[in-house]
Trainee: 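Mind having a look at this structure? Questions to follow.
Labels below follow one simple rule: chain letters A, B, ... track the order of the sequence lines, proteins then strands, and each chain is numbered from 1.
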Amino acid sequence: MDFNDTPEEAKFRAEVREWLSANAKPKDPSKVKAGVSTKSEAERLERAKEWQAKKAAAGYAAITWPTEYGGLGGTPIQSVIYSQEESKFDVPGGFFEIGLGMCIPTMMKWATKEQCDRYVKPALYGEEIWCQLFSEPAAGSDVAGLRTKCEKDGDEWVINGQKVWTSGAHFCDYGIIVTRSDPTVPKHKGLTFFFLDMKTPGIEIRPIKQISGGSGFNEVFFNDVRVPDAQRLGDVGEGWKVSLTTLMNERLAIGQGSGVDYEELLKLARETELENGPAIKDSNVREKLADWYVQSQGLKYTKFRTLTALSKGQVPGPESSIGKIVSGPKMQDLASFAMDIQGQGGVMHDVEESPMAGAFQNQWIGAAGYRIAGGTDEILRNIVSEQVLGLPQDIRVDKNVPFNELPGAGSKK
Amino acid sequence: MNFDFSDDQKMLKDQARKFLEDKCSYDDVRTILESDDSHHDGVWNGLCELGFAGAAIPEEFGGLGLGALELCVIAEELGRAAAPVPFSSSIYMFAEAMKLAASDDQKSAWLPQIASGEIIGTLASAEGTQAPSPRTVKATFKGGKLSGRKLPVPDGETASVAVVLANTGGSGEQALSLVLVDLNQDGVTRSAVDTVDPTRGHAEINFDNAEASLIGDEGDGWALLKRVEAGAAVLVAFEQVGGTQAALDMAKDYSLDRYAFGRQIGSYQAIKHRLADMYVKLELARSNAYYGAMILSEGGAELELAAASARISATEAYRFAAQECIQVHGGIGFTWEANPQFHYRRSKLLALSLGSASRWKDRLVAELEKSNVA
Ligand SMILES: Cc1cc2nc3c(=O)[nH]c(=O)nc-3n(C[C@H](O)[C@H](O)[C@H](O)COP(=O)(O)OP(=O)(O)OC[C@H]3O[C@@H](n4cnc5c(N)ncnc54)[C@H](O)[C@@H]3O)c2cc1C
Ligand SMILES: Cc1cc2nc3c(=O)[nH]c(=O)nc-3n(C[C@H](O)[C@H](O)[C@H](O)COP(=O)(O)OP(=O)(O)OC[C@H]3O[C@@H](n4cnc5c(N)ncnc54)[C@H](O)[C@@H]3O)c2cc1C
């Protein structure tokens, strides 16, 4: 039992490390993860694009993709090694994950060779950014219950309806969208999937303000938006099958969350005086700190077990859902507790006054969304209980019912 | 990355599992629950015949000379079966304390019989309902004689020999030493005590000027004990992981069999999500236990931290799985004739046997404070 690389893995790690050292600055280990960046989104985007282009040119932007699309043709374990090494460097991110993690893999599976030749590389180099237009006001967890409709008109399709929670739509160039082509059949059977240019006439993007005050996601309206039939992915009515490609990649893309963890809580506890002495000597603080340390380590070593399976050529299964089940509530509870330690002052959310520039307050707000995005806590528990433990599926009252006869969905419109 | 047990270790695990499935069913565990026996002789002798008791004892002292990883896989299977055997007392505690601190003469005198299973050893630290510590331990060792009262002592009725934590008069942490005592002598009297898990025998032992000898240096007892506890914490964590898996499986099987309101109860989310939570806690515990195993077998410096993590994680997983296993069973789970009680009992026993979770959380944070993570 060991954490050692195989000789080939060690060689790859050394190459990656050398390249990173030559092209990026190492993180300052004395600096704790800060609060929000003070830079504007446009500035951050520009920096991220520059870095992405560099990384893509070196082949590291998509290690497991085939070389013809700018990948490295590498293994999942190499991809993990790269991420491990990159995480030690101060590099920008946060713009390309949805596109490269979910949209482009969907394109590579379902689009034509010519389309892939046209779109994959620019996405990889950060020149074009992609978003995922799935969720709607009436369809989130149950995304197959969506209502945005598409109608065939000659060689084109006409899309009308509304998407919501679309992360990054306001800076994205392209999107993948699933729509309803036939409301008279059960919900999973009447869907059709497209990719489209976000500048197509009839698309209107309105930012949604989140409880964090930021606007990372948007509502996107479609008024007679015309999309060529050539941009359809999969057959008419087969949109759900295509969506599953995206959703499976989502499961792989969703990590364990980052942000403040036990290290920062330890630092805070050391630096804060409570009524009866330093917080770090308080038994309640110690118990909580130990609990979160143990959870973090448990996740870390669970990942190592997955990596061990990967390096033996096995495919990780739905058990990887446990990362998000654990880390979402942990992020939220830990941040909330860290605010408690700050006493009355914990209510302050202030770059100057709050410890670590308000990192705990930021996380307390942000974690509330993290527990919902990309599969809610509850949906993930369903996945674990059904797909890992083999318990019965939830009863589907909508299974064999035409979509337009369902209560609360198609019948209203 | 090779964060897994070897094929040989997995074979050993299979061997342990097959033996226990065959010889240590819940009915066998029940015979101990319902008798005054301290443990199950048949199961214990069978395990010893397979060489398990001596697995990690060096060959020169009659064992097989394998390592901690082999003990871990055996421990997981013992935990899964809720085996009523003195394995942890004799091996994780007594033999490991001897390996760590005893002289070669002391080892030669006792370890071969421990390895063969001819005799049972134990370690006695507690003195009633307060945590043993340099401030509270009253048993004293002076001029080669041990006096005092220890309880509860696991397998204290059947053990032939014990390592005992005793006060030797130093100050602070140096107050305590470990001493080795032959339990079959005039100065030793013992009687069974009732516990929440009667499938594992416990006793009160009174020492009245009993002959004893130091193991390790005088004044080192507390430090040595903590080191022994850390190793044992990893091994017990594997028992807890095995027990958690068993409780989860039992609850799952029942939830698929039992119908209420026209459906399998396993189709209700209240049950599904609870089983998912059991699984999540189990996987975290297993991962932390693996890391503990790796550090224990390497003799790594961070054993205290790794052991505390393994123990805290596994204690929580087993607590939750065992209690919710009864819950999923409804009324039948509360009956003597049903099996969930075995894990409910064992989970609490293991949660307390090396001291409570709070104590280990405190130990863990003390380690974090030493390290320079922030
Ligand atoms: C920050 C953020 C970014 C996002 N980015 C995108 C994006 O880029 N593209 C995109 O398409 N979507 C995006 N989403 C949407 C996200 O996928 C949905 O919010 C999510 O799937 C939940 O759907 P909902 O919000 O409609 O909640 P609902 O599905 O209505 O859920 C409401 C509550 O009911 C529970 N629930 C629902 N169904 C069940 C069930 N079967 N069993 C038990 N409980 C159930 C949920 O767990 C939740 O607690 C984003 C969301 C967030 C918060
Ligand atoms: C100490 C004790 C005393 C009792 N005394 C009496 C008495 O005097 N008279 C009497 O008539 N009865 C008595 N009972 C029986 C008691 O009412 C039942 O045990 C209880 O109603 C549960 O039923 P069950 O045991 O059949 O479990 P089940 O109904 O089979 O439940 C098993 C599990 O499934 C869960 N479950 C069942 N249905 C659902 C659902 N729809 N959604 C989610 N989860 C579900 C339950 O919560 C439980 O966790 C007693 C029980 C006990 C433990």
Trainee: Looking at every heavy atom in both B:Ala276 and A:Val384, which two are closest together, and how far apart are they?
Mentor: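 Smallest interatomic distance, heavy atoms only, reads CB-CG1, 3.9 Å.
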Trainee: Let's test your reading of the structure: which of B:Ser267, B:Ala366, B:Ser287, B:Ala357 forms the most heavy-atom pairs below 4.5 Å with chain A?
Mentor: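 Most heavy-atom pairs within the cutoff with chain A belong to B:Ser287.
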Trainee: If you count the non-hydrogen atoms of other residues, nucleotides and ligands that lie under 6.0 Å from NZ in A:Lys11, is the total more than 12?
Mentor: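 Result for NZ/A:Lys11: open.
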Trainee: Does any heavy atom of chain A fall under 4.5 Å from the side chain of B:Ala289, the backbone, both, or neither of them?
Mentor: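 Contact with chain A involves no heavy atom of B:Ala289 at all.
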Trainee: Which residue out of B:Arg363, B:Met278, B:Arg263, B:Gln9 racks up the most heavy-atom pairs below 4.5 Å with chain A?
Mentor: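 Max contact count across the listed options: B:Arg263.
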Trainee: Which atoms of B:Ile271 are under 4.5 Å from chain A, going by heavy atoms: the side chain, the backbone, both sets, or neither?
Mentor: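 Contact with chain A involves no heavy atom of B:Ile271 at all.
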Trainee: Side chain, backbone, both or neither: which part of A:Lys288 has an atom under 4.5 Å from a heavy atom of chain B?
Mentor: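 For A:Lys288, there is no contact with chain B at all, as no heavy atom is under 4.5 Å.
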Trainee: Counting only heavy atoms closer than 4.5 Å, note whether B:Glu298 contacts chain A via side chain, backbone, both or neither.
Mentor: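 For B:Glu298, side-chain heavy atoms alone lie under 4.5 Å from chain A.
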Trainee: Can you check whether B:Met294 reaches A:Phe3 side chain to side chain, under 4.5 Å on heavy atoms?
Mentor: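 Touching, per the 4.5 Å side-chain cut-off.
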Trainee: Which atoms of B:Leu275 come close to chain A, meaning under 4.5 Å heavy atom to heavy atom: side chain ones, backbone ones, both, or neither?
Mentor: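 Its backbone and side chain both get close to chain A.
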Trainee: Locate the shortest heavy-atom distance separating B:Leu248 from A:Leu389; write the atom from each residue and the value.
Mentor: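 Looking at all heavy atoms of both residues, the closest pair is CD2-CD2, 4.3 Å.
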Trainee: Against chain A, label B:Ser255 side chain, backbone, both or neither, depending on which of its atoms sit under 4.5 Å from a heavy atom there.
Mentor: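 Only the side chain of B:Ser255 comes within 4.5 Å of chain A.
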Trainee: Residues of residues 271-286 of chain A under 4.5 Å from chain B (heavy atom pairs)?
Mentor: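 So far as heavy atoms go, A:Ile280, A:Lys281, A:Arg286 are the residues that approach chain B to under 4.5 Å.
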Trainee: Which atom names give the shortest non-hydrogen contact between A:Arg270 and B:Ser371, and what distance separates them?
Mentor: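 Answer, listing the atom of A:Arg270 first, then B:Ser371: NH2-O, 3.9 Å.
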Trainee: When rounded to the nearest 0.5 angstrom, what distance separates CG in A:Asp394 from CD in B:Gln269?
Mentor: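 Rounded to the nearest 0.5 Å, the CG-CD separation comes to 4.5 Å.
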Trainee: Find the distance between OH (B:Tyr268) and CD1 (A:Ile395) and round it off to the nearest 0.5 Å.
Mentor: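 CD1 of A:Ile395 is found 7.5 Å from OH of B:Tyr268.
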Trainee: B:His273 versus A:Asn382: any side-chain heavy-atom pair under 4.5 Å?
Mentor: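 B:His273 vs A:Asn382: side chains touch.
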Trainee: Might you confirm whether atom CZ of B:Phe3 has over 12 heavy atoms from other residues, nucleotides or ligands at distances under 6.0 Å?
Mentor: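 Yes, the 6.0 Å shell around CZ holds more than 12 heavy atoms from other groups.
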Trainee: Taking side chain as C-beta onward, heavy atoms only, is B:Lys272 less than 4.5 Å from A:Arg381?
Mentor: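 A side-chain contact under 4.5 Å is absent here.
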Trainee: Looking only at heavy atoms, what is the nearest atom pair of A:Val294 and B:Ser313, with distance?
Mentor: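 Nearest heavy atoms, A:Val294 then B:Ser313: CG1-CB, 3.5 Å.
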Trainee: Let me know if B:Tyr279 has heavy atoms under 4.5 Å from chain A in its side chain, its backbone, both or neither.
Mentor: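 Only the side chain of B:Tyr279 comes within 4.5 Å of chain A.
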Trainee: Going through the distances and angles, do A:Tyr293 and B:Leu305 end up as a side chain to side chain contact (heavy atoms under 4.5 Å, CB included)?
Mentor: CA-CA 10 Å; A:Tyr293 173 80; B:Leu305 190 57; 3.2 Å; yes
Trainee: Name the region of B:Arg274, side chain, backbone, both or neither, that has any atom closer than 4.5 Å to a heavy atom of chain A.
Mentor: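 Interface part for B:Arg274: neither.
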Trainee: Measure distances from B:Ser6 to the heavy atoms of chain A and classify the residue's part below 4.5 Å as side chain, backbone, both or neither.
Mentor: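 Contact with chain A involves no heavy atom of B:Ser6 at all.
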Trainee: Enter the distance from A:Leu289:CG to B:Lys361:NZ here, rounded to the nearest 0.5 Å.
Mentor: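 Going from CG on A:Leu289 over to NZ on B:Lys361, the span is 11.0 Å.
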Trainee: Shorter than 4.5 Å, heavy atoms on both sides: which option in A:Asp291, A:Asp5, A:Leu391 has the most such pairs with chain B?
Mentor: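 Top count of heavy-atom pairs under 4.5 Å with chain B: A:Leu391.
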Trainee: Please classify the contact between A:Gln297 and chain B as side chain, backbone, both or neither, with a heavy-atom cut-off of under 4.5 Å.
Mentor: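 A:Gln297 touches chain B through backbone and side-chain heavy atoms alike.
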Trainee: Apply ring pair (Phe, Tyr, Trp, His ring centres under 6.0 Å) to A:Tyr301 and B:Tyr290, showing your working.
Mentor: CA-CA 8 Å; A:Tyr301 298 125; B:Tyr290 274 37; 10.0 Å; no
Trainee: Which one wins on heavy-atom pair count under 4.5 Å against chain A: B:Leu284, B:Asp362, B:Asn2?
Mentor: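 Going by pairs under 4.5 Å, I would pick B:Asn2.
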Trainee: A:Gln393 versus chain B, heavy atoms under 4.5 Å apart: side chain, backbone, both or neither?
Mentor: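 For A:Gln393, backbone heavy atoms alone lie under 4.5 Å from chain B.
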Trainee: So for B:Glu283, is it side chain, backbone, both, or neither that comes closer than 4.5 Å to the heavy atoms of chain A?
Mentor: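 When you check distances to chain A, atoms from both the backbone and side chain of B:Glu283 fall under 4.5 Å.
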Trainee: For the CH2 atom on B:Trp360, are there more than 12 heavy atoms of other groups (residues, nucleotides or ligands in this structure) within a distance under 6.0 Å?
Mentor: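 Yes, CH2 of B:Trp360 has more than 12 neighbouring heavy atoms, counting only those of other groups under 6.0 Å.
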Trainee: Is the number of heavy atoms from other residues, nucleotides or ligands within 6.0 Å of NZ (B:Lys99) greater than 12?
Mentor: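 Enclosed.
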Trainee: Hey, are the side chains of B:Met1 and A:Asn4 touching, using non-hydrogen atoms and a 4.5 Å cut-off?
Mentor: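 The answer is no, as the side chains (C-beta and beyond) never meet within the 4.5 Å cut-off.
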Trainee: Do you know which two heavy atoms are closest between B:Ile312 and A:Ala290, and how far apart they sit?
Mentor: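 For B:Ile312 and A:Ala290, the tightest heavy-atom pair comes out as CD1-CB, 4.4 Å.
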Trainee: Less than 4.5 Å apart, any side-chain heavy atom of B:Asp4 and any of A:Met1?
Mentor: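 Contact flag for B:Asp4/A:Met1 side chains = no.
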